[in-house]
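A, B, ... follow the sequence lines: proteins, then strands. Residue 1 opens every chain.
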Amino acid sequence: MQRLVILGVAHSDAHAVANHLIAMQLREYGFTVVNLGVCTPLADFAAALEANPTAEAVVIGSLNGHAYADLADLPALRAAGRLRCPVVLGGNLTVGSHKSAGGIERLRGLGVDHILENPFELPMVLDLIREAATAGRVAAGV
Amino acid sequence: MQRLVILGVAHSDAHAVANHLIAMQLREYGFTVVNLGVCTPLADFAAALEANPTAEAVVIGSLNGHAYADLADLPALRAAGRLRCPVVLGGNLTVGSHKSAGGIERLRGLGVDHILENPFELPMVLDLIREAATAGRVAAGV
Amino acid sequence: MSETVDWAGMRIDRSTAADLPQWRETVDALRTSTRPRAADALRAAHRTGRPIAQPRCGVGGHEEMLELLRRLEPAGPGMLTVTIDSYTRLKQFDRAAQALREAPADLNGYPLTVHGWRRGRQLLDAVGVPLEVRHGSPDARDLFAVALAAGFTSFEGGGIGYNVPYCKDVPFATSMEAWRQVDAVCGALADDGVIVDRELFGTLTAVLVPPSISLACTLLEAIAAVREGVRCLSIAYPQGGEVHQDVAALRSIRALAARYLPPHVAVHPVLHEFMGVFPRGRGTADALILYGGLVARLGGADKIINKTNQEAYGIPDADANALGIRTALMGTSELLDFVALDEARIDEEMSWLQREVAELVDPVLQDGDVPAGVAGAFAAGRLDVPFSASVHARSLVVPARDATGAIRYRRTGELPFSAAVRQRNDRLTDTGAGSPDRFIQAVTADINYFLTSEGVTS
Amino acid sequence: MSETVDWAGMRIDRSTAADLPQWRETVDALRTSTRPRAADALRAAHRTGRPIAQPRCGVGGHEEMLELLRRLEPAGPGMLTVTIDSYTRLKQFDRAAQALREAPADLNGYPLTVHGWRRGRQLLDAVGVPLEVRHGSPDARDLFAVALAAGFTSFEGGGIGYNVPYCKDVPFATSMEAWRQVDAVCGALADDGVIVDRELFGTLTAVLVPPSISLACTLLEAIAAVREGVRCLSIAYPQGGEVHQDVAALRSIRALAARYLPPHVAVHPVLHEFMGVFPRGRGTADALILYGGLVARLGGADKIINKTNQEAYGIPDADANALGIRTALMGTSELLDFVALDEARIDEEMSWLQREVAELVDPVLQDGDVPAGVAGAFAAGRLDVPFSASVHARSLVVPARDATGAIRYRRTGELPFSAAVRQRNDRLTDTGAGSPDRFIQAVTADINYFLTSEGVTS
C-alpha cells in the first residue's frame with residue numbers, strides 16, 4: 001500500500017525551501033506527500049487528515065521559533081477527536097524560547113509525538129511509527 | 001648642416017616625460033638634440049652651449065611654476081658672456097605666480113627670447129630663430 | 001474587503017481612488033513630464049551595449065527614502081528603485097499607515113499608497129534617473145494607480161512571478177486578472193503616447209529555478225501584457241551561476257521575444273544578480289556581484305539588478321548598496337571586452353533552452369486565453385516552480401546543478417517535456433545511484449553552491 | 001659624504017651602523033623569528049594559483065604608520081608595504097629626521113632609518129602578514145641594514161630599476177655595486193637559512209615601457225643577484241594594458257628564469273597594476289584595478305601591487321587603498337575562471353617577447369661581468385629606457401601602442417635587435433605617413449591610453 005504523510009509548515013512560518021526539501025526527500029523514499037505548504041493553521045492539518053485518513057503521520061515544520069504558539073490548539077483539537085494520528089515536529093526548535101530541554105518538554109506536553117532535531121531522521125521515525133501502528137493492530141487483532 | 005638644439009628641464013623641475021616628448025619631436029624634425037634632462041642648472045645649459053657652439057637655441061622646459069626662480073641667473077650669465085644664444089622657454093608657465101601677463105613679462109625681463117605656450121610651436125619658433133640669424137649674418141656680410 | 005471603484009478600467013479601493021487626481025490629469029502629467037523615463041534609459045542602454053545598474057532600495061520614512069535615493073545616485077545607477085513594504089504588498093494599507101506612524105524604521109519598504117502620490121512625486125524629483133516601483137504584490141492595482149499619479153514610468157510585477165514566491169493561496173486566476181488590468185492601463189497610456197516600462201519578475205522563488213521555467217513564466221506574462229497593449233517590457237532572469245547557461249538565457253529572451261511578441265514591443269533583458277543563498281565572506285560576495293555584471297554584459301542585458309556584499313546579512317545599508325552598484329558596473333566595463341566565451345556551447349544551450357520553453361509555453365497558448373491557460377497548467381503541473389510558496393504551484397519539479405554548475409531538471413514532475421529534453425536532463429543530472437538522503441544532501445549542496453566555493457575564494 | 005664602515009660586507013654610514021645590533025644577533029633573530037615570511041607567502045600564492053595583493057603605503061609618523069597597516073590588513077592583502085620617504089631614498093637621513101620632527105605629515109613615506117630598527121620591528125609585529133620595504137633608492141645599503149635588523153624579509157630594488165626612474169645622474173656602476181652588496185648579504189643570509197625575498201622593479205619609468213625592456217632589465221638584475229647568492233626573487237612587470245601582451249609577459253618571466261637562472265632559485269612573477277596616467281573617473285579607475293587582478297591571475301603572477309581609484313589625485317587615503325586591494329583581489333576570484341584567452345596569440349607574443357629579451361640580454365652577458373656590461377650597454381644605447389630621468393639611459397627608444405593597444409617599438413634607437421624583430425615592430429607601428437607633430441600627438445595619446453577610453457566607461 002502507498003504510504004502517505006501530511007506535511008506542512010506551522011501557521012506563523014513562511015519558510016518554503018526546507019518544506020519542499022522534506023517533501024522531495026519523502027517522495028524519494030516512496031511516500032505520497034500531501035503538502036499543505038507554508039503558514040498552515042493546525043485546523044488545516046486536521047482537515048487534511050480527515051480527507052486522507054490513511055496518513056501515517058502529520059509532519060509539521062517550524063523554523064521561526066514559534067512552534068509552541070503555533071501548536072497551542074493541539075490539545076483542544078485532539079479533545080474534539082481530531083488530528084489523532086502521530087504528529088511529528090521538526091525544524092529549528094531550539095531558537096528563541098525553545099533553547100532549553102524545558103522547551104522540548106513543553107511541546108511534548110501539547111501532545112507532539114515525535115520531535116526531530118535532524119530532518120534526516122524523518123524516514124526512520126515514520127518507519128518506527130508504522131511498526132508501532134502495525135504492532136498495535138496486531139495486538140488489537142485487526 | 002645638421003641643426004642642433006640644447007634641451008633640458010629647469011633646475012627645480014623633475015618632469016621627464018614632456019622633456020622626452022619634445023626631444024622625440026625635435027628628432028622627428030631632423031634636429032640633433034643634446035638633452036640635458038631634468039633638474040638642470042642654468043650653468044649646465046651654458047656649459048653645454050660652449051661644448052656645442054653650433055646650437056641654434058637653448059630650449060628649457062618648466063612645468064612646476066618655478067621658471068622665474070630657476071632662470072634668475074640668466075642676466076648674470078649673459079653679462080659674463082655666456083648663454084648668448086636664443087633661449088626658448090616652454091611649459092606650464094601660467095601656473096602659480098606666472099598666471100598673469102605680468103609673469104610672462106618678468107620672464108622676458110630676465111632675457112628669455114621666446115616663450116611657448118604650446119610645444120607644437122617649437123619647430124616653427126626654431127625656424128624663425130634660424131631665419132633671423134641668417135638674416136643677421138647676411139646683414140653682417142658673413 | 002473594502003469597497004472598490006473603477007479607475008481607468010482598474011478596480012481599486014474607493015479610499016485609494018478618493019485621494020488621486022483625475023485620470024486625465026495623470027495622463028497629461030505623465031505626457032508632459034520632463035523627468036527621465038525608464039523606457040528611454042533602457043533604450044539608451046541597449047544602444048550603447050552597456051547595461052545600466054539598479055539597486056533594490058526602500059525604507060519606511062519619506063525623508064529617509066529621499067536621503068537613501070540621494071546617497072545611491074552618485075554610485076552611477078541608471079535607474080533607482082522604490083521598494084514597497086510587505087503590508088502595502090498585501091494591501092494592508094491600514095497596517096502600513098499604523099507602522100509608519102509608530103515605527104517607520106520597522107517597515108521593510110516605502111509604503112507608497114500611505115505616503116501618497118504627492119510624496120511619490122518628490123521622490124521622482126529628488127534624483128536624475130528614472131525610478132521603478134518594485135514590490136511583490138499579487139494584486140498591485142491600488143499601488144499602480146498611486147505610482148502613475150506620482151509619475152513613475154516603470155512598474156514591476158506579473159500574475160505568475162508576483163504570486164508564486166509571495167503568497168500561499170492566491171489563485172492564478174485572481175493574480176492574472178489583477179495584472180491584466182494593470183497592463184490594460186499601460187495599453188491605454190501607450191495609446192496616449194505614454195510608455196510605461198513593465199518589468200516581469202522571472203526570479204520566481206529564487207532557489208535553483210531552471211532557466212526554462214523562468215523564461216516560460218515571463219514569456220506568458222509578456223504575451224498577456226502585450227495583448228493588453230503594453231509596449232515596453234523588461235524581462236528579468238535570475239543569474240544561476242554557470243556563465244554559458246546564464247548568457248544563453250539572457251540572449252534567449254530576445255530570441256523568444258522575436259518569436260512570440262510583435263516587433264513594435266521593446267523588450268529589455270534584465271539580469272537579477274544571484275538571488276539564492278549568498279556567500280557571507282565579503283571577498284566572494286563582491287566577486288559574485290562583479291561576475292553578475294560581466295554576465296549581464298556578455299548576455300546582452302540592458303539592466304542589472306545588483307546585489308550587495310551584505311546580502312547574506314539582511315537589508316544592506318546605503319554604503320554597501322552604493323558599492324554593489326559600482327561593483328556590478330565594473331563587470332560591464334569595456335576594459336573586459338576581451339572576455340570571450342565558447343559561442344558554440346552557448347548556441348547549444350540556447351537551442352535546448354528555447355526548445356524547453358516552447359514545450360512549456362505552446363500548450364498553454366493553445367486555447368487562446370492566457371490567464372486561464374496559466375491557471376490550468378499550474379493546476380495540472382504542466383507549469384511548475386520548485387520551492388513554491390504558493391500551493392497553486394505543485395513544486396513537483398526537482399532541480400539540480402550539473403557538473404558544470406548549470407541548473408538542470410533532476411525530476412521534471414508533470415512538465416510536458418519531450419523525450420529528448422527529458423533524456424538530456426537525465427543524462428546531465430545522472431550522478432549514479434544514490435540514497436534518498438544523499439539526494440536531499442545533493443539538492444541542498446546545489447542550493448548552497450556559492451557557499452561551497454567560499455572557502456577557496458575569500 | 002659621511003664616513004662608512006663595513007657591515008656584513010656592505011659599506012654603510014658609521015652613524016647607521018652604530019645603532020644596529022650585532023650581525024649575528026640580526027641573523028639569529030631572522031632565523032628564529034616566528035613572524036610570517038615573504039618567501040613563504042609567495043610560495044603559498046604560487047601553490048594555490050591565486051596571486052596575493054599588496055598595496056603601496058607609507059606615512060612619516062610611527063603611530064600613523066602602525067595605524068595605516070592595521071587599517072589595510074582587513075582588506076585581505078597577502079603582504080603589506082612600508083614605503084620609504086624621498087629623503088631617506090637619497091640617504092638624506094638628517095633631512096628626513098628634521099622633517100619627522102617638524103612636519104611628519106609632509107613626508108611621503110616612512111623614514112625607517114630615522115625611526116630605527118626597533119620601531120621597524122613594531123611595524124612587523126602589528127600585522128599578521130609579511131611586510132616589504134619599497135623605496136626607489138639607487139643605494140639602499142643603510143636602509144637594508146636597518147630593515148634586516150628590524151626583521152623584514154622582503155626588500156625591493158635593483159641597480160637598474162631603482163636608478164633610471166629616480167635619479168638624474170647616478171652612474172650604473174655605482175648603483176649596480178650598491179645593489180651587489182645588498183644581494184651578497186642576502187646570499188650570506190641564505191647560507192644561514194634565512195631567505196630574503198628580493199623584488200626587482202621592472203616598472204622603470206612607468207611610461208609606455210616595452211615589455212622586453214622591462215624583462216631584460218629585471219633579468220639582468222636577477223642574474224646579478226643570483227650570482228651573489230640570492231635565492232628568492234620577485235620579478236615585477238608593469239601592466240601595459242593589452243591583455244594578451246601582459247599575460248605573455250608575466251608567463252615569460254618564468255620561462256626566462258628557467259632559461260637564465262639556476263633551478264634552486266624561487267622566482268615569483270609580480271604584476272604592477274597600470275602605472276601610467278591613471279583615469280580620473282572612479283568607474284574606469286575601479287575597472288582598471290579589477291582588470292589588473294584578472295590579468296595577474298591569467299598570467300600566473302604570484303603577487304599584484306594594487307592601484308587605487310584615487311591614483312590620479314595623488315597618494316590615496318587608507319579607505320581607497322583598502323578598496324583597491326579588494327578590487328584587485330576580485331579579479332583573481334575563481335568565479336572568473338571561465339575567462340579564457342586566445343592561447344595561440346599569447347604563445348606568439350611570448351615567442352617574440354623572449355626573442356627580444358634574448359637579443360637585449362645576451363650581448364650584455366657575453367663578458368661575464370654583469371654590472372660592467374649593464375653600464376656599457378646603457379652608455380651605448382644597447383640597453384635603453386624611454387622617458388628616463390637618468391641621463392645615463394639615452395631614451396632613444398620611442399614606444400607606441402599598436403592597433404590592439406599592445407606596446408611596441410616605434411623607434412628601436414640603438415637596441416641591438418635583429419632585422420626580424422625590427423621589421424615586426426615596424427609593421428605593427430606603421431600608421432602611415434605622418435608629420436612630426438602628428439607623431440608626438442600619437443605618442444601622447446598612447447601615454448594617455450586609459451584616459452581616452454574614460455568617456456565611454458565611466
Report which part of D:L288 has an atom under 4.5 Å of a heavy atom belonging to chain C: side chain, backbone, both, or neither. both
At their closest point, which heavy atom of C:F450 faces which heavy atom of D:L335, and how far apart are they? CE2-CD2, 3.5 Å
Where D:T327 and C:M330 come nearest, the two heavy atoms and their spacing: CG2-SD, 3.6 Å
With chain D as the partner chain, list the residues of residues 292-309 of chain C whose heavy atoms fall under 4.5 Å from it, by residue number, and write 'none' if nothing qualifies. C:L294, C:L298
Distance-only donor-acceptor hits, side chain of residues 314-324 of chain C, under 3.5 Å, sequence neighbours excluded:
| unit_1 | atom_1 | unit_2 | atom_2 | d |
| --- | --- | --- | --- | --- |
| C:D317 | OD1 | C:D319 | N | 3.3 |
| C:D317 | OD1 | C:A320 | N | 2.8 |
| C:D317 | OD2 | C:Q310 | NE2 | 3.1 |
| C:D319 | OD1 | C:R71 | NH2 | 2.7 |
| C:N321 | ND2 | C:R56 | O | 2.9 |

Qualifying residues under salt bridge (Lys or Arg N to Asp or Glu O under 4.0 Å), relative to D:R70, sequence neighbours excluded: none
Once salt bridge (Lys or Arg N to Asp or Glu O under 4.0 Å) is applied, do any residues pair with D:E356, and if so which ones, sequence neighbours excluded? none
Among C:L290, C:L336, C:V339, who wins on heavy-atom pairs under 4.5 Å with chain D? C:L290
